[in-house]
Amino acid sequence: MLSIKNLHVNVDGKPILKGIDLEIRSGEVHAIMGPNGSGKSTLANVLAGRENYEVTDGEVLYQGKNLLELAPEERAREGVFLAFQYPVEIPGVSNIYLLKAALNAVRKHRGLDELDAMDFLAFIKEKMKLVEMKEDFIYRSVNEGFSGGEKKRNEILQMAVLEPKLALLDETDSGLDIDALKIVANGVNALRGPERAIVMVTHYQRLLNYVVPDKVHVLARGRIAKSGGKDLALELERRGYGWIESEARA
Ligand code: ADP
Ligand code: MG
Ligand code: MG
């Protein structure tokens with residue numbers, strides 16, 4: 001699904017990622033952990049194609065294609081989805097309008113018919129059950145006035161609607177109370193499947209109690225300093241990140 005080799009990325013002329021190597025297969029769930037400022041969002045953003053990230057070395061293959069030469073919207077059509085750490089508000093654009101337009105763009109690309117308003121409504125109501133969202137949320141402007149937790153649930157709703165092949169979730173657990181965390185985790189778990197890979201960026205082990213990852217990677221100093229199974233997350237919870245950073249320095 002995704003093969004990252006020796007990826008180097010600058011932000012504002014400053015090296016942030018300094019040689020990332022990562023292989024993710026279809027069906028797998030990977031967690032990317034690491035201290036604040038270690039480059040987790042940079043990695044997720046550069047994969048999604050956000051602006052202002054300069055790749056200075058390395059390559060990224062997505063389903064055998066050079067991901068880095070695709071425009072962000074092409075990546076999205078090809079099934080790459082990023083749930084933002086800080087979801088954007090879009091005043092004046094209703095949630096349902098955005099979701100329907102996004103879904104129909106993807107369906108068109110996949111050679112499927114566009115859904116009409118009635119079919120889309122039925123479809124989205126099913127998806128909203130997954131994140132326990134009330135119907136009025138789809139008629140409101142995208143994320144405008146949503147609480148932190150509602151924004152995160154809306155990101156999961158977008159993911160459920162678009163059914164991406166590669167889902168990147170950037171701290172979708174941050175700021176959630178325990179009930180919202182479980183709802184988000186249920187949504188993510190419902191989307192696990194052999195045809196999909198999920199990358200969860202998180203500071204905390206907490207989410208990983210509910211969405212059990214196949215692999216855990218720790219970013220430190222712009223590289224993957226350590227990889228392991230789900231137990232690595234528990235070890236980090238116990239010991240913090242300091243020892244990994246010391247090892248990375250050495
Ligand atoms: P994380 O998500 O792991 O907390 P980020 O990827 O957001 O880390 O940030 C990694 C580093 O890159 C930080 O030192 C941050 O200050 C820097 N950085 C990120 N975005 C920018 C930017 N737009 N301009 C300057 N520095 C940035
Ligand atoms: Mg951060
Ligand atoms: Mg971040």
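If you're wondering where the values come from, they're calculated on a predicted model, not measured in any experiment. Read the numbers this way: they start at 1 and go in the same order the structure lists the ligands and their atoms.
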Name the atoms and distances for all side-chain donor-acceptor pairs under 3.5 Å in residues 225-232, with sequence neighbours left out.
unit_1 : atom_1 : unit_2 : atom_2 : d
Ser227 : OG     : His217 : ND1    : 2.7

Is there at least one pair of N or O atoms, one from [X] and one from ligand 1, spaced under 3.5 Å apart?
X: Gly37; result: yes
X: Ser38; result: yes
X: Tyr53; result: no

Does ligand 1 have an atom under 4.0 Å from some heavy atom of [X]?
X: Ile16; value: yes
X: Gly34; value: no
X: Pro35; value: yes

Nearest heavy-atom approach of Arg77 to Val106 is CA-CG2, 4.5 Å
At their closest point, which heavy atom of Arg153 faces which heavy atom of Val131, and how far apart are they? NE-O, 3.3 Å
For the Mg ion (ligand 3), decide whether Asn36 has an N, O or S atom at a distance under 2.8 Å. no
Answer yes or no for Ser41: is there an N/O/S atom below the 2.8 Å cut-off from the Mg ion (ligand 3)? yes
If you measure from the Lys or Arg side-chain nitrogens to the Asp or Glu carboxylate oxygens, is any gap between Lys165 and Glu78 under 4.0 Å? no
Side-chain donor/acceptor of Tyr62 to backbone N/O of Leu2, under 3.5 Å: no
Quick one: does Arg75's side chain have a donor or acceptor within less than 3.5 Å of a partner on Leu47's backbone? yes
Does Tyr86 reach the side chain of Glu171, with side-chain heavy atoms less than 4.5 Å apart? no
Contacting atoms of ligand 1, where contact means under 4.0 angstrom from a heavy atom of Thr42: 5 (P), 6 (O), 9 (O), 10 (C)
Close-contact set for ligand 1 against Asp12 heavy atoms, below 4.0 Å: 24 (N), 25 (C)
